[in-house]
Structure formats: structure tokens, C-alpha cells
Amino acid sequence: AARMLFGQSELAEGLRSRVRRVAPLETEVLVSGAPGTGISKVAEVIHLMSPRGQGAFVKRPAAGLTPDGFADLCREAAGGSLYLDEIAALPSETQYAMLEALEQGLEARVLVGSVADLAEEAARGRFLPDLFYRLDVMRVRIPALLERPEDIPVLFSHYVAQAAEQAGIAAPNIPQEHLAA
């Protein structure tokens, strides 16, 4: 978790600790956070740290997914994990199919991500409440950078180094005043 989820703040360490606790379990996981916080990355880390980590990690958007498409993805992810991004956008007929499949048992672990408040979506009738409760067995909330500004220089340095590596150049030395800004 420390190699893939960056930050030095208490909140970043809390996120890594939560991921370590959730990963070995076989339950469904709801990963939530603000846009751009890395919801799908956290889901992938949970998968990689789990007993299913050597299996497939199938990642798809929930929007427009049909019941048959969901069944196909479950077969593709058997022995591994299925991650559905923006689960609040899952069509209602697929929500019912997903609930039924979860109740019958799947050969894939289901991880879902959402920037929307899924509890509120369920309370307003825009998301199937029974499915929400089924998916909310384990929740991992990613704190926004606004809550942990001390992690911004760490993340910035990491992504600059990653971009330099991809470009085939040496990572630049970033002056402290730039990081402070």
C-alpha cells in the first residue's frame, strides 16, 4: 500500500491502514472520494493486496452496463476482482441483477467506486437501497487533498518523476520553493 498510495500525512497513513485491513477480506468494498482522488487506483491496490491478487482485475464503468454485460464481467473476473467505476450510474435493471448475483454468490470479489454519496442516492430512490447495503459492507473513503495539503509536494514530486521516466529523461531537481508553492 505504501508503494502505491502516496502521502506522509496522518490521513494518508490512515488510508493505507484501512486498505491493509480491508484487502484480505472477501467482502464487497465501496471506495468513495472526491473526483480525482484515485478511487480506481485504491480499488486496484485492494485487489493486489488480497488473496485474489494474482487473479484478474476487471475494471469497467457502471454507466450503461446491462444485466448480461454484468454477468459477462463476473465470468471474466472469476477468481479475481471486478471493479465497477461510478456505481451510482448503474442502470436500475442492472442493479437488480447485481443484487441477485451477490446474494447467490459470485466467483469474483466486487469492488465499486463512487464520487456520489451512495447512501443519499439510495435515500432519494435513485439507487437500490438493498444493493447499497450489500455494497457498503466495507467502505474505504479517500480523503481529498484539501484535507491533507501536506501531501501535495509528495504527490507532485512522484508524478514529475513518473513523467520524466516515461519521457526517458532524468527526473529534475525540484527546488524547495516550488514545492512550497
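- The distance from the CG atom of Leu146 to the CD1 atom of Ile152 is 8.5 Å, given to the nearest 0.5 Å.
- Salt-bridge check for Lys41 with Glu44: failed, with every basic side-chain N at 4.0 Å or more from each acidic carboxylate O.
- One N or O on the side chain of Glu147 and one on the backbone of Ala144 form a donor-acceptor pair closer than 3.5 Å.
- Rounding to the nearest 0.5 Å gives a distance of 10.5 Å between CG of Asn173 and NE2 of His178.
- For the side chain to side chain contact (heavy atoms under 4.5 Å, CB included) test with Met138, the passing option among Val31, Leu111, Thr27 is Thr27; the others fail.
- Side-chain contact check for Gln95 versus Asp130: every heavy-atom pair is 4.5 Å or farther apart.
- Residue Glu177 qualifies as enclosed at atom CD: its count of foreign heavy atoms under 6.0 Å is above 12.
- Proximity of Leu84 to Leu73: side-chain heavy atoms (C-beta onward) are separated by under 4.5 Å at one or more points.
- In this structure, the side chains of Glu103 and Arg134 come closer than 4.5 Å at one or more pairs of heavy atoms.
- Judged by distance alone, the side chains of Ser9 and Asp151 do bring a donor and an acceptor atom under 3.5 Å apart.
- The backbone N or O of Glu13 lies less than 3.5 Å from no partner atom in the side chain of Ser17, so there is not a single donor-acceptor pair.
- More than 12 heavy atoms of other residues, nucleotides or ligands shown are found within 6.0 angstrom of CD on Glu150.
- By the 4.5 Å heavy-atom criterion applied to side chains, Asp85 and Arg60 are not counted as neighbours.
- For Glu165, the CD atom counts as loosely surrounded, since its 6.0 Å shell holds 12 or fewer non-hydrogen atoms of other residues, nucleotides or ligands.
- Atom CD of Glu107 has 12 or fewer heavy atoms from other residues, nucleotides or ligands within 6.0 Å.
- The number of heavy-atom neighbours closer than 6.0 Å to CD of Glu93, taken from other residues, nucleotides and ligands shown, is above 12.
- Classified by interplanar angle (parallel below 30°, tilted 30° to 60°, perpendicular above 60°), the ring pair Phe6/Tyr159 is perpendicular.
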